[in-house]
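Below is one structure; the comments refer to it alone.
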Amino acid sequence: MKQLSKIQNIVMLIGAILMVVGSGTFIFQWIAAPWIYSVGAVAFAYIQYEQAYEGRNITIKRLRRIQLAGDAFFVLAGLMMIEDKFMFIKLDFLYYVKYIHNNWVVILLCAAIIEMYTTHRINNELNKEAKKL
């Protein structure tokens, strides 16, 4: 995996902290919470996208694609959070409750599970690759 620079590591860490703060403060109905989460999610996803894999291991390439899908879920959760808070899309109340209201939590949970799985597996695969050399 391509090593991140010090600035990229800091941006990724700040993005992760903003995601935690934004999702945690959403329950207190803080108006800036969805925006904070979304900025963090975009920063986190962008830095992970920049951390490319330059090897030939098909398993790691597959896991990277899955990881990028998890990043897209993080960003989608932010968009759903914003919609849940501000109701930009005018929907009938029943459709809103069925498709929008607090469904960002499910998407965030799926993204977190995908990220934990792929991070663990990529680390194991890279360790295997390093032992072969």
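Please read these numbers as outputs of a predicted model, since none were measured by experiment.
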Does atom NZ of Lys6 have more than 12 heavy-atom neighbours from other groups under 6.0 Å away? no
Arg64 to Gln48 - nearest heavy-atom pair and separation: NH2-O, 2.9 Å
To check you understand the geometry: which heavy-atom pair defines the closest contact between Gly70 and Ile114, and what is its length? CA-CG2, 3.8 Å
With hydrophobic residues grouped by side-chain heavy-atom distances under 4.5 Å, do Leu126 and Leu63 end up in a single group? yes
Listed by chain and number, what are the side chain to side chain donor-acceptor pair (under 3.5 Å) partners of Arg121, not counting sequence neighbours? Tyr117, Glu125
Distance-minimising heavy-atom pair for Val75 and Ala41: CG2-O, 4.1 Å
Output for pair (Gln67 CD, Arg65 CZ), nearest 0.5 Å, gives 12.5 Å
List the atom pairs, donor and acceptor, that lie under 3.5 Å between side-chain atoms in residues 89-96 and the rest of the protein, sequence neighbours left out.
from: Lys90; atom 1: NZ; to: Met87; atom 2: O; distance (Å): 3.3
from: Tyr96; atom 1: OH; to: Asp84; atom 2: O; distance (Å): 2.9
from: Tyr96; atom 1: OH; to: Asp84; atom 2: OD1; distance (Å): 2.6

Please check if the distance between the ring centroids of Trp104 and Phe26 is under 6.0 Å. yes
Are Phe44 and Val105 grouped together when hydrophobic residues (ILVMFWY) are joined by side-chain heavy atoms under 4.5 angstrom apart? yes
Shared hydrophobic cluster, Leu4 / Tyr46 (ILVMFWY, side-chain heavy atoms < 4.5 Å): yes
Run Ile122 and Tyr53 through side chain to side chain contact (heavy atoms under 4.5 Å, CB included) and show every step you take. CA-CA 10 Å; Ile122 288 172; Tyr53 173 68; over 6 Å; no
Side chain to side chain donor-acceptor pair (under 3.5 Å) with Asn9: which residues, sequence neighbours excluded? none
Yes or no on side chain to side chain contact (heavy atoms under 4.5 Å, CB included) for Glu129 and Ile60, after CA distance, side-chain angles and deciding distance? CA-CA 10 Å; Glu129 207 172 74; Ile60 296 175; 4.0 Å; yes
To the nearest 0.5 Å, what is the distance between CD1 on Ile10 and CD1 on Ile14? 6.5 Å
Side chains of Thr25 and Tyr37: does their closest heavy-atom pair fall under 4.5 Å? no
Pair Ile47-Gln51, side chain to side chain contact (heavy atoms under 4.5 Å, CB included): steps then yes or no: CA-CA 6 Å; Ile47 296 300; Gln51 187 181 15; 5.8 Å; no
Applying side chain to side chain contact (heavy atoms under 4.5 Å, CB included) to Glu83 and Leu79, what does each step give before you reach the verdict? CA-CA 6 Å; Glu83 179 57 35; Leu79 293 174; over 6 Å; no
Which atoms form the tightest heavy-atom contact between Val11 and Ala43, and what is the distance? CG1-CB, 4.1 Å
If you compare all heavy atoms of Asn57 against all heavy atoms of Thr59, which two are closest, and at what distance to 0.1 Å? OD1-N, 2.9 Å
Can you see which heavy atom on Phe86 is nearest to which on Pro34, and at what distance? CE1-CG, 4.4 Å
Shared hydrophobic cluster for Leu18 and Val20 (ILVMFWY, side-chain gaps under 4.5 Å): no
Report whether Ile107 and Val97 are members of the same hydrophobic cluster (ILVMFWY, side-chain heavy atoms less than 4.5 Å apart, transitive linking). yes
Atom CD1 in Ile82, atom OG in Ser38: separation rounded to 0.5 Å? 3.5 Å
Once you round to the nearest 0.5 Å, how far does CG of Leu68 lie from OG1 of Thr118? 9.0 Å
Tell me whether the count of non-hydrogen atoms from other residues, nucleotides or ligands lying under 6.0 Å of OH in Tyr49 goes above 12. no
Distance from Lys132 atom NZ to Lys128 atom NZ, nearest 0.5 Å? 7.5 Å
Gap separating the CZ atom of Arg56 from the NZ atom of Lys61, nearest 0.5 angstrom: 7.5 Å
